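My questions will all concern the structure given below.
What you see is a predicted model; the values in this text were computed from it and never measured. All heavy atoms count here, side chains included; hydrogens, waters and symmetry mates do not. In what follows, chains carry the letters A, B, and so on, assigned in the order in which the sequence lines appear, proteins first and then strands, with residues in each chain numbered from 1.
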Amino acid sequence: MAVVVDNAAIQAVQISVWKKAFISLKGAPLIPLFIIVVFILSAILADLITFHDAHKVSLPNRLIPPFWQDGGTFSHPLGTDPLGRDVLTRIIYGTRVSVIIAGAALTIGGGFGTLVGLTAGFYGGKVDTLLMRLADITLAFPLILFAILLVMVIGPSMMNVIVAISLVLWARYARVIRGEVLGLMQRDFIARARVSGASDWRIMMRHLLPNVMPTLIVLLTLQVGWVIIVEASLSFLGAGIPPPTPAWGSMLADGREYVSTAWWVTTAPGIAIMLVVLAFNLSGDWLRERLDPKQRSI
Amino acid sequence: MPRHRLFQIPFLIAALTSMMLVVAVACGSSSEATQAPSEGSSDTSVPAATAVPATVVPASAKPEGKLTIALTDLGNETPSVWQEFAFGKSYMRFMFDALTGTNDEGEVDKTTGAAMDWSMSPDAINWTFKIRDNIKFHNGDALTAEDVKFSIGLMTSEDSVASYKTKVTASIASQDDITVVSPTELSIKASKPSGFLNWDLSDIQGVEGLIQPKNYTETVGNEEFATSPVGSGPYKWVDQRKGDFMELEALDDHWRDGAPIFKSLVFRIIPEESTRIAALKAGEVDVISVSRERAPQLQSDGLNIFSKNGASVLGLYFHEQWRDNSVWKDINVRKAFNLAINRDEICEFIFAGECSPAAVYPWPDIAPGVDTSLTAYPYDPEEAKRLIEASDYNGEEVGIRSYPRADVPEGPRFIEAVGAYLTEIGINVKIIPTEYASYRQERLAHTLDNGSGYLAAPNRPLAGFQGVMRVLNHSEGAFTSTHDPAVDKLIEDWEAAILPEDVVAGSVDLYRYLYDNYNSLTCCNMNISYATNDRISSWNLGKRVWDDGFTNLTQR
């Protein structure tokens with residue numbers, strides 16, 4: 001039997017998908033989203049889009065100003081740092097560090113925190129009390145101090161920065177997700193799942209997790225900026241990514257002694273941090289409005 | 001309620017008076033913090049620290065005002081002769097007197113220390129020190145030979161962190177070798193010929209020669225002493241917040257310095273150079289250490305810059321190079337490291353031209369006994385690569401510690417540059433940011449396998465050089481990076497020499513051996529700079545080691 005393909009129907013469906021995508025982007029913060037796309041692409045394609053070696057020291061070329069200033073050159077559009085390395089190249093490679101750390105820390109910290117929040121909210125009672133007190137203790141620690149202490153004890157490296165941030169990040173997720181789960185536990189579909197004999201694990205993974213996902217996504221988006229700031233702070237304080245790996249925070253630190261004579265060394269990574277963090281925060285706000293029916297109705 | 005109102009009026013008057021008093025005190029203290037001793041008063045007619053010789057100052061001159069010095073660090077910030085090391089000498093010399101005094105020319109001086117005279121037997125074994133009888137500690141106790149013996153005992157004790165104690169213990173094996181003949185006489189029987197024992201017990205190098213009171217220390221205990229120290233120097237202890245500041249107060253009349261210029265002396269720890277500069281410009285501090293790179297700009301901004309040329313030699317150490325797993329056990333690797341570094345470039349671009357490539361440490365300008373034909377190793381990365389390929393090096397990770405230092409604010413940049421040069425020749429470099437104190441602990445514990453770190457070791461007189469060579473290169477030296485019987489013998493023969501020409505000859509032999517064996521990575525002979533405000537118009541930084549003549553800032 002010959003299959004009749006209705007091309008017109010397929011085209012109509014495709015149009016509707018694009019239309020839906022367009023509609024869903026209505027009101028989206030396009031500039032922040034564009035910055036995020038550029039940020040992520042820079043991290044992925046850093047090797048292809050840069051012309052200089054991010055680690056290559058060239059002392060005779062130190063502190064060349066940006067191209068629009070006297071003495072500047074298009075070869076180093078944003079100038080060079082005190083060791084003669086191209087600032088733009090290091091900013092682009094710095095995005096890779098930020099993306100890796102943000103991705104890993106949010107996956108580890110966010111994942112663990114979500115699991116703790118689901119468990120605490122689902123079981124309640126002593127389990128809830130114990131887990132939430134642990135979260136409270138973690139939240140009570142001065143974050144940067146705790147991370148510095150941890151990194152100083154176990155030594156500065158990218159892995160250790162991820163571990164340090166994850167160790168303080170989970171508690172925020174645990175708190176928020178637990179609150180969501182407590183609300184969901186009163187709903188009928190949970191009672192029905194119990195009656196139908198679903199295991200605890202299945203209820204948490206198949207019924208609770210999908211329902212807390214919108215909150216989780218918003219939280220993850222908003223926390224990207226926070227993680228980038230923490231990583232930059234740790235690197236600035238010398239407890240983050242060790243040199244010569246380019247990281248925005250350590251680039252800021254490298255240039256702080258030159259603020260009055262070579263402003264570009266600190267200004268360029270400073271602007272990069274500000275733009276990316278702002279972009280994630282604005283996008284997170286937009287996502288929250290899109291995914292939260294209450295906010296949307298307002 | 002009349003009683004209540006009557007009660008309120010005196011209360012209000014008292015409150016207003018208290019507020020006025022608080023405001024007055026606050027204004028008074030702030031003006032004191034920024035004012036030099038008034039030029040108008042007869043007894044404080046010296047506006048600058050060392051501008052006018054002591055004879056011009058009226059006998060009635062009394063210390064006034066406050067001087068604030070901001071540095072990157074102050075050693076352990078623990079004012080005790082066995083708990084502090086050389087970096088703390090800047091403040092320790094204000095509080096304590098040394099057994100053997102020194103002068104700004106870097107020589108021992110019989111007028112500036114507790115010992116007014118000393119003598120040595122022809123075989124350099126027996127030493128006698130005559131102690132002054134007019135020195136009092138800040139608590140009123142007299143300084144005697146008992147205190148000297150006690151202090152040497154503390155400084156040479158097992159837990160002592162004094163930088164050059166192994167040089168002293170090489171000569172003084174036991175406390176039994178020290179005899180208190182009388183309160184003003186001390187004799188020492190050295191365990192080997194020790195022609196420089198008087199230098200070793202001076203304040204020329206670290207804090208080894210400084211004296212703390214026996215009775216007071218034993219009464220209050222070591223812990224209490226470290227928080228309420230008592231010395232016999234021109235300044236006494238007032239207050240401290242570790243990592244932040246240390247405050248000292250001048251005696252009205254010190255046996256050596258008379259009346260210092262400034263009543264209050266504050267050391268502040270400000271690791272960030274830009275913060276130090278901002279504090280100096282804002283008038284919060286009077287003296288700061290400044291990087292060579294920033295000095296010219298500050299001078300053009302109208303601040304005073306004082307420099308000590310050839311103050312130190314910057315280099316990296318190849319730690320634990322005697323161990324089988326060390327990459328530096330192979331001389332080819334040590335040579336490659338030395339050929340990989342472009343010293344001219346480092347001097348010109350990292351140290352703003354305020355240094356010159358160096359071959360050996362210390363540099364001959366100050367230390368006699370150097371073979372002047374030795375020149376800095378050339379920059380030859382191709383040869384370095386060839387040597388690495390021909391060596392046993394198999395990509396082992398070399399961990400270079402990076403930390404800021406008061407005397408080398410450019411340190412982290414220097415280490416990054418060195419790391420880049422070494423990476424170019426195929427070395428797997430890992431830069432490890434840390435603090436100098438941590439690195440120092442690792443050096444002492446000898447846990448730096450394939451690890452390195454930098455030090456700007458101060459140039460020093462020959463006697464001091466002997467001390468530091470034992471510490472750095474003898475198998476028994478606290479910080480040694482080598483276990484080489486040939487080096488040990490060279491050092492021991494050198495130390496045994498008594499006649500000056502033999503000492504110089506021993507020095508030349510040792511220099512040559514270390515140079516030919518690429519024992520470390522000597523980089524550059526560096527100047528050191530400080531910036532001051534108008535209150536300091538002249539300053540002799542002197543030639544002492546680890547102390548840039550800070551006491552000259554307060555002497556009339």
Whether B/Y454 and B/Y403 hold their rings parallel, tilted or perpendicular, with breakpoints at 30° and 60°: parallel
Distance, nearest 0.5 Å, that separates OG of B/S520 from CZ of B/F318: 6.5 Å
From CZ (A/R172) to CH2 (A/W226), nearest 0.5 Å: 4.5 Å
Interatomic spacing from CD in A/E231 to CD1 in A/I241 - rounded to 0.5 Å: 5.0 Å
Residues in side-chain contact (heavy atoms from CB on, under 4.5 Å) contact with A/R256, at least two apart in sequence or another chain: A/F236, A/A253, B/E272
Residues of residues 418-428 of chain B contacting chain A, heavy-atom criterion under 4.5 Å, by residue number: B/A420, B/Y421, B/E424
Structural part of B/E293 lying under 4.5 Å from a heavy atom of chain A: side chain
Region of A/L59 in contact with chain B, defined by heavy-atom distances below 4.5 Å: both
Output field: ring centroids A/H52/A/Y93 closer than 6.0 Å: no
When A/P82, A/P242, A/P243 are compared by non-hydrogen pairs under 4.5 Å with chain B, the top option: A/P243
Inter-residue atom distance B/T68.OG1 - B/F245.CZ, 0.5 Å rounding: 11.0 Å
Full working for salt bridge (Lys or Arg N to Asp or Glu O under 4.0 Å) between A/K56 and A/D86: CA-CA 9 Å; A/K56 174 86 176 170; A/D86 184 59; over 6 Å; no
Interface residues of residues 156-170 of chain A facing chain B - non-hydrogen atoms under 4.5 Å apart: A/P156
B/R386/B/E389 ion pair, N-O < 4.0 Å: no
N/O donor-acceptor pair under 3.5 Å between B/E397 side chain and B/K430 backbone: no
Sorted by number, residues from residues 297-307 of chain B in contact with chain A (heavy atoms, under 4.5 Å): B/Q297
Side-chain donor-acceptor contact under 3.5 Å, B/Y530 with B/D548: yes
Test: B/R440 cationic atom under 6.0 Å from B/F85 six-membered ring centre, within 45° of axis: yes
Lys/Arg N to Asp/Glu carboxylate O, B/R413 vs B/E416, below 4.0 Å: no
Heavy-atom closest contact (A/T266 atom, A/G255 atom, distance): CG2-C, 3.2 Å
Residue part contacting chain B, namely of A/T261, when any heavy atom lies under 4.5 Å: side chain
Point-to-point distance, once rounded to the nearest 0.5 Å, from NZ of B/K385 to CG of B/L387: 12.5 Å
